Amino acid sequence: MDSAIKEILSGFADWRRWAWLGLYDVKLQNRRSFVGTWWSVLSNAIFVFGVGYLFSYLMDRPIEVFLPHIGAGYIVWQFILGNVSQAGTVFVSYQKIILEALLPINTLILRGLVTSAIQLAMSAWLIAAVLVYTQVLPGPFVYLALAGVVLNLAVLHGAMLFIAIVSARFRDFRHLVDAGMRLVFFLTPIIWMPNPADETRSMLMAFNPFYYMVEVIRAPIVQPTVQMDLYAIVLGMAVFTNLAGLVAFLFARRRLVYWL
Amino acid sequence: MDHAVKIAARDLTVDFRVPAGAIESHSEDGANARFQQVGNRTVLRALDRLSFEIMPGERVGIWGPNGSGKTTLLRALRGVYSPSDGELVVEGKTQSFLNLTFGLNEDATGWENILLRGVLMGERPGSIRAKMPKIAEFSELGEFLNMPLRSYSAGMRMRLALSVAMELPSDILLMDEWLSVGDASFRQKAAARMREAVEASKILIIASHNRKLIEGLCTRILTLDQGRIVSDQAVSGETKPANTKHRVKAGARRVKNKSS
């Protein structure tokens with residue numbers, strides 16, 4: 001138990017390695033393409049504006065309300081989705097590294113988190129563009145979105161560790177996760193808006209952890225007030241996922257290399 | 001180097017679990033004898049009760065046919081696989097060169113790949129940058145270092161990866177096979193460099209089917225067959241009898257591996 005926790009902590013402490021590797025991955029991505037790393041931002045922009053206009057019409061919502069909602073929501077969703085689905089293949093695709101380099105277990109996960117955090121930061125320009133386009137001012141506590149990002153990273157660290165370990169042992173697991181995430185996208189208020197009068201909608205949100213992960217970043221951008229309970233819930237989720245990741249790691253520690 | 005460098009294995013055994021039902025029969029002939037019944041599990045006995053000691057200054061060649069356990073032994077020495085039975089003590093910092101391609105990026109240049117590989121092997125980006133001129137010189141790749149890895153031949157990749165491995169600090173250098181990909185002149189140069197590096201206080205362990213190559217480079221040859229040591233001889237000619245004691249005793253599982 002002790003040595004497992006030590007390994008995870010030493011993974012964090014080795015920040016120069018994962019921060020550098022994550023940064024370098026961004027640099028090397030899409031090296032041969034002209035738009036390069038900005039493709040992820042551009043494709044988000046196409047989705048946000050296209051689906052934003054379509055659903056604002058279908059659901060009869062004013063564009064200046066709906067576009068910031070789907071813009072911030074979709075970008076955060078892509079950030080979460082990218083990490084969750086990457087977790088399913090991380091140990092398998094970096095098998096050669098794991099069978100030689102003796103990295104702490106979470107180094108490769110932190111590397112992925114760095115890469116996706118940089119992409120999220122790049123997409124922040126898209127959120128700004130949406131707000132300028134719709135002439136909506138961000139909420140007065142917009143800086144709290146950063147705290148939401150940090151909380152999301154904490155939740156994802158544990159969740160990814162868990163998913164990565166289970167997927168290394170059971171190769172079906174990641175397909176299940178991918179299928180689940182596709183459904184969750186529609187269950188989370190991203191292309192639809194919350195409506196306090198609608199009980200079903202409120203239920204869908206209350207029991208959906210992804211709603212809280214999205215909202216803790218989105219709310220400060222599009223809303224004028226601070227919702228403290230959001231932070232408490234997401235913090236609780238971070239504790240829960242990291243405990244789950246740790247338990248999986250305790251079990252998998254000696255076995256992982258034999259599963260690859 | 002004032003700390004102890006030493007490798008000691010006593011009845012070192014590494015088993016891989018085999019899924020129930022994958023093995024049709026347990027017979028004693030040929031490769032089939034590697035599949036054994038331990039308790040109610042079927043295992044592939046990759047390393048079968050190896051006992052040996054390696055002292056500083058030794059350059060040990062591991063020689064044997066395909067599937068004899070060479071790479072598994074290197075991985076066990078590296079600390080990737082822990083002993084299923086018996087005891088292995090590795091004192092000193094290990095560095096390995098087991099997989100030619102791990103960590104390398106096809107679209108990145110030679111320079112960038114030196115950095116990537118070095119950082120994955122535990123170096124700080126700054127310190128690997130400082131070593132880059134030496135690495136580049138040793139590799140003799142010249143202007144190719146500005147080209148993406150895609151344009152490299154197998155031998156050139158080997159030069160790149162090996163040149164990085166040579167510059168990383170280690171007490172025990174573990175190498176698999178790859179030297180044989182290089183051309184004769186580079187092979188000689190690398191061999192000379194390894195002899196010099198190992199000189200007094202270090203250990204070099206290299207696995208190969210190429211008997212000539214390891215005879216030229218090593219002071220001692222361990223011959224493996226079917227996961228067992230069948231001979232342990234000094235290259236000068238004298239043969240020590242192989243350790244063939246068949247003790248089956250649950251030993252301590254201890255790997256003291258100080259490598260990062």
Side-chain angles (χ1 to χ4, degrees), chain A residues 3-4 6-7 9-11 13-34 36-37 90-112 114-115 168-171 251-260, chain B residues 14-19 43-44 46 71-72 74-76 78-84 93-109 112-113 115-129 148-150 161 165 168 174-176 253 255 257-260:
Chain A
S3 58
K6 251 187 216 149
E7 181 173 335
L9 291 180
S10 79
D14 197 12
W15 63 272
R16 278 188 192 81
R17 178 145 63 175
W18 49 260
W20 186 87
L21 287 169
L23 256 164
Y24 225 70
D25 283 346
V26 176
K27 191 179 160 188
L28 292 176
Q29 262 168 11
N30 305 309
R31 163 141 291 182
R32 296 174 74 191
S33 116
F34 181 69
T37 309
V90 63
F91 290 156
V92 179
S93 52
Y94 288 129
Q95 172 218 35
K96 288 174 186 166
I97 295 179
I98 293 168
L99 288 181
E100 179 158 358
L102 304 181
L103 300 170
I105 184 105
N106 52 347
T107 299
L108 294 172
I109 285 167
L110 290 163
R111 171 191 192 170
V114 169
T115 306
R169 175 65 184 85
F170 302 103
R171 299 292 162 95
F251 179 77
R253 189 135 197 252
R254 298 263 165 249
R255 300 177 175 91
L256 182 64
V257 287
Y258 298 100
W259 295 338
L260 297 175
Chain B
V14 172
D15 288 336
F16 294 100
R17 273 185 74 176
V18 173
V43 298
L44 163 61
T71 304
T72 307
L74 290 174
R75 288 211 175 114
R78 176 75 171 142
V80 172
Y81 297 139
S82 41
S84 315
K93 181 177 166 62
T94 59
Q95 196 53 265
S96 66
F97 182 57
L98 305 185
N99 191 298
L100 188 56
T101 57
F102 99 80
L104 300 182
N105 183 306
E106 289 288 315
D107 285 331
T109 64
E112 290 168 328
N113 274 305
L115 264 169
L116 266 172
R117 180 95 171 196
V119 170
L120 276 169
M121 299 302 283
E123 286 285 280
R124 296 260 161 87
S127 90
I128 195 85
R129 255 191 208 103
L149 194 72
R150 268 180 289 117
L168 300 179
L174 307 166
M175 301 185 68
D176 200 355
R253 297 178 189 192
V255 178
N257 201 324
K258 287 180 196 151
S259 56
S260 57

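Keep in mind that the numbers below use all heavy atoms, side chains included, and drop hydrogens, waters and symmetry copies. Quick caveat, the model's predicted, so the values are computed rather than measured. Lettering follows sequence order; numbering is per chain, from 1.
There is no contact between B/L174 and chain A, counting heavy-atom distances below 4.5 Å. Neither the backbone nor the side chain of B/D176 has a heavy atom closer than 4.5 Å to any heavy atom of chain A. Heavy atoms closer than 4.5 Å to chain A are found nowhere in B/L74, neither backbone nor side chain. Both the backbone and the side chain of B/N99 come within contact range of chain A, each with at least one heavy atom under 4.5 Å from a heavy atom of that chain.
Going from atom CZ of A/R16 over to atom CD of B/E123 covers 12.5 Å, rounded to the nearest 0.5 Å. Between atom CG of residue B/D107 and atom CD of residue A/Q29 there is a gap of 11.5 Å, rounded to the nearest 0.5 Å. Going from atom CZ of A/R111 over to atom CG of B/L120 covers 5.5 Å, rounded to the nearest 0.5 Å. Separating the CG atom in A/D14 from the CZ atom in B/R124 is a distance of 7.5 Å, to the nearest 0.5 Å.
When the side-chain hydrogen bond (donor to acceptor under 3.5 Å, both in side chains) test is applied to B/S96, the partners found at least two apart in sequence or on another chain are A/E100, B/R78. The ring-ring contact (aromatic ring centres under 6.0 Å, His included) check on A/F170 picks up nothing, with sequence neighbours excluded. Applying the salt bridge (Lys or Arg N to Asp or Glu O under 4.0 Å) test to A/R253 and every residue at least two apart in sequence or in another chain returns A/E7.
No other option in A/L99, A/V257, A/T107 has as many heavy-atom pairs under 4.5 Å with chain B as A/L99.
The aromatic rings of A/Y258 and B/F16 sit perpendicular to each other, their planes meeting at more than 60°, with 30° as the lower class boundary.
Within residues 18-28 of chain A, the residues approaching chain B closer than 4.5 Å by heavy atoms are, in numerical order, A/W20, A/L21, A/Y24, A/K27, A/L28.
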